[in-house]
Each structure stands twice: as C-alpha cells, then as structure tokens.
Amino acid sequence: MTARKKVGIMGGAFDPIHTGHLLAAEAARDQYELEEVWFMPSHQPPHKAKAGVSGEQRLEMVKAAIQSNPAFQPLDIELRRGGISYTVDTMKQLLAEHPAYEFYFIIGADMVNYLPKWEGIDELVQMITFIGLQRPGSMLELDSLPEFIQDGVVLAEMPLVDISSSLIRSRLRQGKSIRYLVPDAVYDLMIRSGAYGIHP
C-alpha cells in the first residue's frame, strides 16, 4: 500500500508574512515529516478585519518569503474563491482535488482553544489533523476540548519567537525598522511595491 502524501496547510492573513510564520511551518514540517507545507493567504478571515493590503500583494509576499525552501508552496485557493474564508469549505475542496493526500492544518497554540467555535469543526476533525504549535513555557490543555476534537489535534514544539503581523504593522506606522522581522525578499518587495506605505 502506498503511503499517502503528508501535506501541511499554513493558513492566515499573512498581513504581512514574517519570520515567525516560517519558523512555525518548518517546526511542524520537521516534527511530523510533512513532505510539503502550503502557505494559504485567506481572502477574508471569519473573525478579523480586512487586511491592510490586497490579497494579490499578500500572495506575492508569501511567494517571496518561501522561495528558498522547496518544501514550501503558495496556495491561492481562498483568494480565488473570495468571500469569507472558512477552513471547512477549503478543506472539502482540497480533499476533492487531492483525495490521496493526508492534510495537516497548522495553527498556533492560542487558536487551539478556539477550535470548538470553528465553522464545521465536527466535519473538519474528520477530514484533517490539526497541529497545534506550542512555545517554550506554554502548556496546551487539550483536556478542556470536547473529546471529538482532542482526537484530531497533535502538538508540536516551536522556538520562542515573539513576532506578529500586528507588531510589524505597528512598527511601520511608527516609522521603525522591520528588517529581519520579515525575510529580506519580503522587505525588498514591500519597498518596491510601497506596501503599507513603506519607503526606502
């Protein structure tokens, strides 16, 4: 019997993508022997305000950020579909297109406790495995989750990196440097495109 291809999905607004996203994806890929990780910018996350730049700009930043890692690939499925980006709709589409793949959805530790509120979570845990990334010093309590969700979550450790997209946007508004918080290729792209009002 041929083993199913193991693919991780790293979803998010990526507004903008930063070094922490890349470290998290690599930690999940390494610990669960994922053959690929697909970076999927959302069109409109269910519980977040509209992104600061267009979907096309966020996708271009994702492509720039991951270009040096052959295991990382961009995925524009939610941008093409438009509307609110519900993971359950996305995974149904991906499984229909790739029935032989085994999908893992990579999320931060802070998101694990919100899984009971995810749209279609009862269907999602039947389709995919969630990888919850926990930072040093943080202990996830899966026992607090409904049992049918606990069975669909595994944990991975990641380095302590305190970077967020909101931090980067805040620093940009204050005119502070974001060098090395985002990959150089993303920084260069921001300057060329004028994303977030950044200038040389």
Side-chain angles (χ1 to χ4, degrees), residues 7-26 28-29 34-98 101 103-108 111 118-120 124 128 133 161 163-200:
V7 174
I9 303 291
M10 187 81 179
F14 300 122
D15 185 28
I17 191 169
H18 54 71
T19 307
H21 290 128
L22 302 177
L23 287 170
E26 183 65 7
R29 189 199 63 77
L34 306 176
E35 293 178 59
E36 294 180 357
V37 176
W38 297 352
F39 284 72
M40 180 178 69
S42 58
H43 181 263
Q44 173 61 56
H47 305 296
K48 284 189 176 181
K50 191 175 179 181
V53 297
S54 71
E56 290 73 19
Q57 286 176 295
R58 290 182 285 121
L59 180 62
E60 288 307 310
M61 288 190 288
V62 165
K63 290 177 179 176
I66 66 177
Q67 62 186 340
S68 64
N69 188 334
F72 289 176
Q73 302 294 326
L75 180 65
D76 65 353
I77 186 172
E78 292 190 342
L79 295 177
R80 284 188 282 111
R81 191 173 69 232
I84 296 177
S85 303
Y86 289 116
T87 302
V88 65
D89 297 331
T90 304
M91 295 315 306
K92 284 178 182 175
Q93 186 175 344
L94 284 177
L95 283 166
E97 294 173 359
H98 308 283
Y101 286 14
F103 286 107
Y104 292 75
F105 204 88
I106 303 165
I107 58 176
M111 293 301 297
W118 281 38
E119 183 81 10
L124 270 171
I128 58 177
L133 294 162
V161 180
I163 304 174
S164 66
S165 297
S166 58
L167 168 71
I168 291 169
R169 295 194 304 273
S170 175
R171 291 183 66 84
L172 287 171
R173 284 194 298 272
Q174 298 171 54
K176 294 182 178 178
S177 172
I178 61 163
R179 291 212 81 153
Y180 311 119
L181 297 177
V182 300
D184 285 348
V186 172
Y187 185 76
D188 293 342
L189 181 59
M190 283 177 165
I191 291 175
R192 290 201 307 274
S193 67
Y196 305 101
I198 189 171
H199 302 291

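It should be emphasised that the depicted structure is a prediction, and the values quoted were computed from it without experimental measurement.
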Task: Working for side-chain contact (heavy atoms from CB on, under 4.5 Å), residues Thr90 and Phe105 - done: CA-CA 11 Å; Thr90 304; Phe105 204 88; over 6 Å; no
Tell me the closest heavy-atom pair linking [X] and [Y], and the distance in Å.
X      : Y      : value
Val62  : Pro74  : CG1-CB, 4.4 Å
Ile163 : Ile168 : CG2-CD1, 4.1 Å
Ile84  : Arg81  : O-NH2, 4.4 Å
Ala28  : Ile106 : CB-CD1, 3.7 Å
Leu34  : Gly8   : CD1-CA, 3.8 Å
Leu95  : Tyr101 : CD2-O, 4.2 Å

Open item on the list: Working note: Met61 + Phe39, criterion side-chain contact (heavy atoms from CB on, under 4.5 Å); need CA distance, chi angles, decisive distance, verdict.
Closed with: CA-CA 11 Å; Met61 288 190 288; Phe39 284 72; over 6 Å; no
I need the [X] [atom1] to [Y] [atom2] distance, nearest 0.5 Å.
X      : Y      : atom1 : atom2 : value
Leu124 : Asp89  : CG    : CG    : 9.0 Å
Leu59  : Ser54  : CG    : OG    : 9.5 Å
Tyr196 : Arg171 : OH    : CZ    : 15.5 Å
Leu22  : Phe72  : CG    : CZ    : 6.0 Å
Leu94  : Trp38  : CG    : CH2   : 6.0 Å
Glu97  : Lys92  : CD    : NZ    : 14.5 Å

For [X] and [Y], indicate whether the former's side chain and the latter's backbone hold a donor-acceptor pair under 3.5 Å.
X      : Y     : answer
Arg58  : Ala13 : yes
His43  : Glu78 : no
Gln67  : Ala64 : yes
Ser165 : Phe14 : no

Side chains of [X] and [Y]: does their closest heavy-atom pair fall under 4.5 Å?
X      : Y      : value
Ile178 : Tyr187 : yes
Pro70  : Glu36  : no
Pro16  : Met190 : yes
Leu23  : Glu26  : no
Arg169 : Arg173 : yes
Val182 : Ile17  : no

Task: Leu79 vs Met40, side-chain contact (heavy atoms from CB on, under 4.5 Å): CA-CA, chis, key distance, verdict - done: CA-CA 9 Å; Leu79 295 177; Met40 180 178 69; over 6 Å; no
TODO: Might you work through the side-chain contact (heavy atoms from CB on, under 4.5 Å) test for Thr87 and Ile9, ending with a clear yes or no?
DONE: CA-CA 10 Å; Thr87 302; Ile9 303 291; over 6 Å; no
- [ ] For the residue pair His21 and His18, categorise the inter-ring angle as parallel (less than 30°), tilted (30 to 60°) or perpendicular (more than 60°).
- [x] parallel
